[in-house]
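Shown next, in structure tokens, is the structure this report addresses.
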Amino acid sequence: MELPYAEPYKCKMVEMIRQSTREQRLQWIKEADYNLFNLTSEKVYIDLLTDSGTGAMSDVQWAAMLTGDESYAGSKSFIRLKETIQSITGFTYVLPTHQGRAAENVLFSATVREGDYIPGNAHFDTTKGHIEFRRAHAVDCTIDEAFDTNTMHPFKGNLDLNKLENVLKAHPRENIPFVIVTITCNSSGGQPVSMENIRQVSALCKKYGIPVIFDAARFAENAYFIKLREEAYKNKTIKEIAKEFFSYGDGMTMSSKKDGLVNMGGFIALNDEEIYKKASVFNIMYEGFLTYGGMNGRDMAALAVGLDEATEFEYLESRINQVHLLGETLSRYGVPVQHPFGGHAIFIDANKFVPTIPREQYRAQALAIELYIVGGIRSVEIGTVLADRDPFTRKNRYPELELVRLAIPRRTYTDNHMLYVAAVLKNIYDTRHEAKTGYRISEEAPIMRHFTAKFVKI
Ligand SMILES: Cc1ncc(COP(=O)(O)O)c(C=O)c1O
């Protein structure tokens, strides 16, 4: 008999979570202006809002925290972290930041100017936010297959080389500071980018003299998919695969809260000394001195261990199989989910689930709210609310996909939690035809509105 996957760790400490009643949740979500970000965590039973910074650290990481060196300059913990990053990525220069968007802020301050174009694969919202805040343009060059949730493509995070070349041709080189490749691609569903595509993007960018920067928050999960889905890599280790794809780029921004297996942290890694020097000035201004950049010494110590643990095959195998257990159970129940399943999350297709709710009434947001009311489960909308208004026309942008993301924290929930979530969704799915109306926004911020927007039930 084939053996099932099993976690390469056991529990040493647990945190209690509590159920609530439907009546309580109806009241709480109303008080939260129907924005799931406004709920306090004790009002949530299973929290799948994000996989970012919500994972569990290992005993080795906790032990490393006690050895953290809190020196302002030249911290040993930074040196250790830098060496780990260099050994995993091959990049030379490292700047620590307090999280991923801070890495974007620092790097983009040094490189992006008004009117620039930054092509990429479905830029993440903070990435797009930092680009558009500088009045530059994020151009999405994702392959078309990514927008059909039923197409079985092994690498839906891939960039379309024709779309990319059209952008590179259309604008002068000095207006394209870099191309950004997000691995795995969060906004298109935690979908991986193939080694072949990374190699081709890199070659194309070289032809036009444009650097390639990775948004590498989930690089280890991306490497796992390459190992499973690209024949030439099946016998390579995760670390070998990661080292190879990073070798095709010029640098990276990292949110360590994902594949760094820590609760807070980020960094920039680069090959170009000039950009590093420019970015260093902004790092000192916005984050802190070059050897801590907004991180505690102890957090850098834990991150060095986390990066090592996250790039081990056994860990990734159990992590991604748990995500896929949720996806497979939902599929079995007939719930429309994105295929193939992503690395860190399962995405429910709200266009197929509740087509009865008008799009202008934020149908994915409506479904996420229902999931909370019925099961105490917190998810997040990845659709029109997240897409923000067009910065120039101020009109709502309607993305191709209206998704509800169930992001699975690393090493945190059990498979039974996944089965509970799937059962709640099945019950909602069975009564989906009753859903006719959604929500309108009564208050929103000019950018990244999803975090703070207030909604009113229609
Ligand atoms: C692909 C990607 N890039 C960047 C970020 C921003 O990172 P942080 O939340 O650490 O600021 C995220 C966070 O979810 C992400 O998924």
Side-chain angles (χ1 to χ4, degrees), residues 36-37 47-55 95-109 112 118 120-133 138 140 142 146 156-159 178-193 198 212-223 225 245 249 251-269 283 286-287 293-295 299-300 302-303 306-307 310 323 342-347 378-382 386-388 403 405-410 447-448 450-451:
L36 294 147
F37 283 97
D47 204 345
L48 307 185
L49 181 74
T50 176
D51 63 319
S52 178
T54 51
L95 285 171
T97 63
H98 79 273
Q99 64 182 95
R101 70 200 67 186
E104 291 163 358
N105 187 32
V106 168
L107 183 65
F108 297 1
S109 294
V112 177
I118 293 117
N121 51 342
H123 309 61
F124 182 65
D125 59 339
T126 60
T127 320
K128 188 145 61 133
H130 275 295
I131 291 170
E132 292 180 346
F133 178 71
D140 187 5
T142 314
K156 278 186 170 176
N158 280 359
L159 284 91
F178 49 81
V179 169
I180 194 142
V181 181
T182 305
I183 49 174
T184 59
C185 187
N186 188 358
S187 308
S188 68
Q191 299 292 326
V193 181
I198 294 173
V212 172
I213 298 291
F214 292 102
D215 176 351
R218 300 179 182 82
F219 75 95
E221 291 170 6
N222 201 94
F225 284 119
F245 59 60
M252 65 189 278
T253 56
M254 176 75 186
S255 167
S256 307
K257 303 165 73 173
K258 286 85 171 173
D259 281 351
L261 290 177
V262 291
N263 304 113
M264 192 55 69
F267 60 86
I268 299 167
N283 214 62
Y286 295 144
E287 293 296 296
M295 291 186 74
D299 291 336
M300 292 191 284
L303 174 56
L307 285 167
V323 176
H344 68 290
I346 295 300
F347 291 73
R378 176 153 62 176
S379 57
V380 73
E381 191 255 21
I382 306 270
L386 181 81
D388 261 335
L403 303 168
R405 185 184 77 175
L406 306 164
I408 317 298
R410 294 166 179 80
I447 200 162
M448 288 189 243
H450 61 290
F451 289 118

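Counting starts at 1 for both ligands and their atoms, in listed order.
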List the closest protein heavy-atom neighbour of [atom]: residue, atom name, distance to the nearest 0.1 Å.
atom: atom 4 (C) of ligand 1; value: E104 OE2, 3.4 Å
atom: atom 8 (P) of ligand 1; value: Q99 NE2, 3.3 Å
atom: atom 1 (C) of ligand 1; value: D215 OD2, 3.4 Å
atom: atom 13 (C) of ligand 1; value: K258 NZ, 2.4 Å
atom: atom 10 (O) of ligand 1; value: S255 OG, 2.6 Å

Legend entry - F133: ring-ring contact (aromatic ring centres under 6.0 Å, His included) partners, not counting sequence neighbours: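 For F133 there are no ring-ring contact (aromatic ring centres under 6.0 Å, His included) partners, ignoring immediate neighbours.
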
Using a strict cut-off of 4.0 Å, indicate which atoms of ligand 1 neighbour a heavy atom of [X].
X: R218; value: 1 (C), 15 (C), 16 (O)
X: R101; value: 6 (C), 7 (O), 8 (P), 9 (O), 11 (O)
X: T126; value: 4 (C), 5 (C), 6 (C)
X: T182; value: 1 (C)
X: K257; value: 10 (O)

Distance from [X] atom [atom1] to [Y] atom [atom2], nearest 0.5 Å?
X: M254; Y: D215; atom1: CE; atom2: CG; answer: 9.0 Å
X: N222; Y: Q191; atom1: CG; atom2: CD; answer: 10.0 Å
X: E132; Y: I118; atom1: CD; atom2: CD1; answer: 10.0 Å
X: M252; Y: I180; atom1: CE; atom2: CD1; answer: 11.0 Å

Legend entry - Any N/O pair G100/ligand 1 closer than 3.5 Å: yes

Inset, instruction - Flag the pair R410 and D51 as a salt bridge only when some basic side-chain nitrogen lies within less than 4.0 angstrom of an acidic carboxylate oxygen. - result: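 Salt bridge present between R410 and D51.
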
Legend entry - F245 and F214 aromatic ring geometry - parallel, tilted or perpendicular at 30°/60° bounds: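 Tilted.
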
Legend entry - Parallel, tilted or perpendicular: rings of F108 and F178 (30°, 60°):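 The rings of F178 and F108 sit tilted, inter-plane angle from 30° to 60°.
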
